[in-house]
Amino acid sequence: MAAATPRPLSAAAAPVRGDGRTLRRLLPYLWTYRWRVVAAVVLMVAAKVATVGVPLLLKELVDALTPLPGLSPASSGLVVVPVGLLLAYGGLRLCATLFAELRELVFLRATEGATRTIALQVFEHLHALSLRFHLERQTGGLTRDIERGTRAVQSLISYSLYSVVPTLIEIALVLALLGTRFEAWYVWTTALALVLYVAFTVQVTQWRTGIRRQMNELESASQTRAIDALLNYETVKYFNNEAWEAQRYADSLERLRRARVRTQASLSLLNAGQQLIIVVALVAMLWRATVAVTEGRMTLGDLVMINAFMIQLYLPLNFLGVLYREIRQGLTDLGRMFDLLERECEVRDAPHARDLTLDRAPDVRFEGVHFGYERERAILHGVDLVIPAGRTVAVVGPSGAGKSTLARLLYRFYDVGRPGDDDAARAAAGRITVEGHDIRDLTQASLRRAIGIVPQDTVLFNDTIEYNIRYGRPDATDEEVCEAARAAHILAFIERLPQGWKTVVGERGLKLSGGEKQRVAIARTLLKNPPILILDEATSALDSANERAIQAELRRLARDRTTLVIAHRLSTVVDAHEIVVLDNGRVVERGRHAELLAQGGRYAHMWALQQSDTQGG
């Protein structure tokens, strides 16, 4: 399977996504709730019919209150005020609000359901993406894209169904009433104002889109910079660079401030132009209607009705510009989140992939494995490695030799080969098998269920110690969790804490020492109880006394399991069934500890250096 070349996350570098494509991507999520959509549309039309009916009844009321010939205004009003019209007027206003509220209640489940589905799919898809993506991503900008995209789903649905479409329906109804009751001049004036308004709004908004996009990118950049500095809090402190980080953040905020000023200035220009078009049209229509009333061609009720119609149109039209801008921005934000959702998985299950089922410890083989994180730089060159079932094989070598890469490939964080390889190149890059099965033919979930790892750099969730240990097997009993902690020699430490098992470990486990974090990682893996075990510098952060105790426990854990040990300190692997020495991605030596010492090669040289360092210390 050819790996997809990662696309940049920056919106500036990514191809512009069309609004139509984004809407087509959104519609299937709403189609799941199609009956609610239909009901919401019916209620929306009913609400707008009631809204348009209000000025009609207001006209009848005003005309009914016009003094009759020969009667004083007071007595005429007392005689002819129709109680039914007043009740109908109040009823229509109530119905307009009632239908609108019912529409929101009916469609709420569709809105929230679509938002939940999209957000969950993005979350699951991000976890399905390869390790390469997560090493390249910028956490702050990514979280902002997801936050904006999730919010955009709700805003797009609510703005379109609750504001834009109802306004268009109301415009159509008002134009129809003006055309049937009065001269065509009113219709053409209203239509011309609407056309000018929409054209002006679209043109200016398109101009503003570039300004708004730049502001969003600067906002994401400043957020990313702040989060990155906070995540690396200790590093900032180590080098006394608080002022440096503050200055970098201040520069980002200053650029963001200037972008926001430009955005607000363009918004003010847009609002002023919209108001000018609406006010000119409104004054022209009221002037024409006033002349008609004085000439007796229209009643006072007609004048009131036209004014009421224009006010009803004026308010949503005034807001229509804001809606258009928000919808365009929502489409942009949602498009960026869909880009994340549509990003191809570099490592994916084959169509014929099957679950890995094991009833004993399997054998693991690396057969002529070639690999590179980048196409221009190879890391492994034809590595052959066999870990027999139930045996322990240690891999040692200098930094950068490719030791941890073996663990990542076995976990299938990456596939063998290099980015951009075609199928033939992939086939020539070797393979990794578990119990004779090429891991590319297995489902990733079943493969990873069979593997447990104690990493060198332990990262914990910002939750309790109990949660972090139980993460190895969430359905484990309290007794099993306690036993795993005891085996990892951390139980006594936990029981001494004021809050015990409920102690929160902090962001990435920063409230614990390196050794304490590593023992939590060991307990977590002990709880998982996997048939394949990877120990990646599993005791590097421990003191000598604890290291000896944990090493004994790890040897017990590795018994009857297929174990890959990645080590820098050679004293931790002297009991391995085989030791493999890697150098520049190639196997240069292999054998047991005594055999390698007798050869007097690279391993013997490394052993001598470490022994002299220990004696010197």
Side-chain angles (χ1 to χ4, degrees), residues 130-132 135 364-388 391-419 421 428-433 439 451 453-458 518 532-541 551 554 558 562-614:
S130 71
L131 181 62
R132 192 190 313 276
L135 292 177
V364 175
R365 295 174 180 270
F366 291 77
E367 301 175 358
V369 172
H370 295 262
F371 176 76
Y373 294 105
E374 301 171 1
R375 184 157 187 81
E376 297 78 15
R377 178 171 173 252
I379 301 297
L380 300 180
H381 306 272
V383 171
D384 287 299
L385 177 65
V386 178
I387 311 175
R391 297 293 182 131
T392 297
V393 171
V395 179
V396 301
S399 297
K403 303 186 299 296
S404 295
T405 299
L406 294 175
R408 291 175 174 177
L409 289 174
L410 179 56
Y411 243 105
R412 213 175 163 217
F413 286 153
Y414 302 93
D415 276 332
V416 297
R418 285 184 283 182
D421 280 352
R431 66 175 191 155
I432 303 171
T433 65
I439 62 174
I451 303 175
I453 185 168
V454 180
Q456 178 180 5
D457 182 18
T458 301
Q518 207 152 37
I532 303 173
L533 185 63
I534 299 174
L535 305 177
D536 188 357
E537 299 284 1
T539 59
S540 61
Q551 281 292 341
L554 289 177
T562 302
T563 305
L564 172 64
V565 179
I566 298 168
H568 174 70
R569 283 188 286 193
L570 304 185
S571 60
T572 63
V573 299
V574 293
D575 295 328
H577 295 100
E578 184 179 44
I579 300 172
V580 175
V581 182
L582 274 188
D583 189 16
N584 291 322
R586 291 180 172 85
V587 176
V588 295
E589 293 178 356
R590 66 175 74 216
R592 296 184 69 90
H593 173 68
E595 297 170 352
L596 292 174
L597 288 180
Q599 291 177 13
R602 175 60 65 87
Y603 181 84
H605 178 66
M606 293 168 58
W607 176 264
L609 286 177
Q610 291 189 13
Q611 290 299 108
S612 63
D613 288 344
T614 302

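Annotation: side chain of V574 is in contact with side chain of W607 (closest heavy-atom distance under 4.5 Å). Counting only heavy atoms from C-beta outward, the side chains of L380 and L409 approach each other to under 4.5 Å. With a 4.5 Å cut-off on side-chain heavy atoms, L385 and V587 do not count as touching. The closest side-chain heavy-atom distance from L406 to V395 is below 4.5 Å. Counting heavy atoms from C-beta on, the side chains of R391 and E578 never come closer than 4.5 Å. Residues L410 and F366 are in side-chain contact: their nearest non-hydrogen atoms beyond the backbone lie under 4.5 Å apart.
Side-chain contact, T405 with Y414: no donor N or O sits under 3.5 Å from an acceptor N or O.
With sequence neighbours left out, D583 forms a salt bridge (charged side-chain N to carboxylate O under 4.0 Å, His left out) with R602. With sequence neighbours excluded, the residues satisfying side chain to side chain contact (heavy atoms under 4.5 Å, CB included) with R592 are H577, E595.
Relative ring orientation between F371 and Y373 is described as perpendicular, the plane-to-plane angle rising above 60° on a 0-90° scale split at 30° and 60°.
Note that the CZ atom of R375 and the CZ atom of R418 stand 6.0 Å from one another [nearest 0.5 Å].
Between the side chain of K403 and the backbone N or O of L582, no donor-acceptor pair lies under 3.5 Å.
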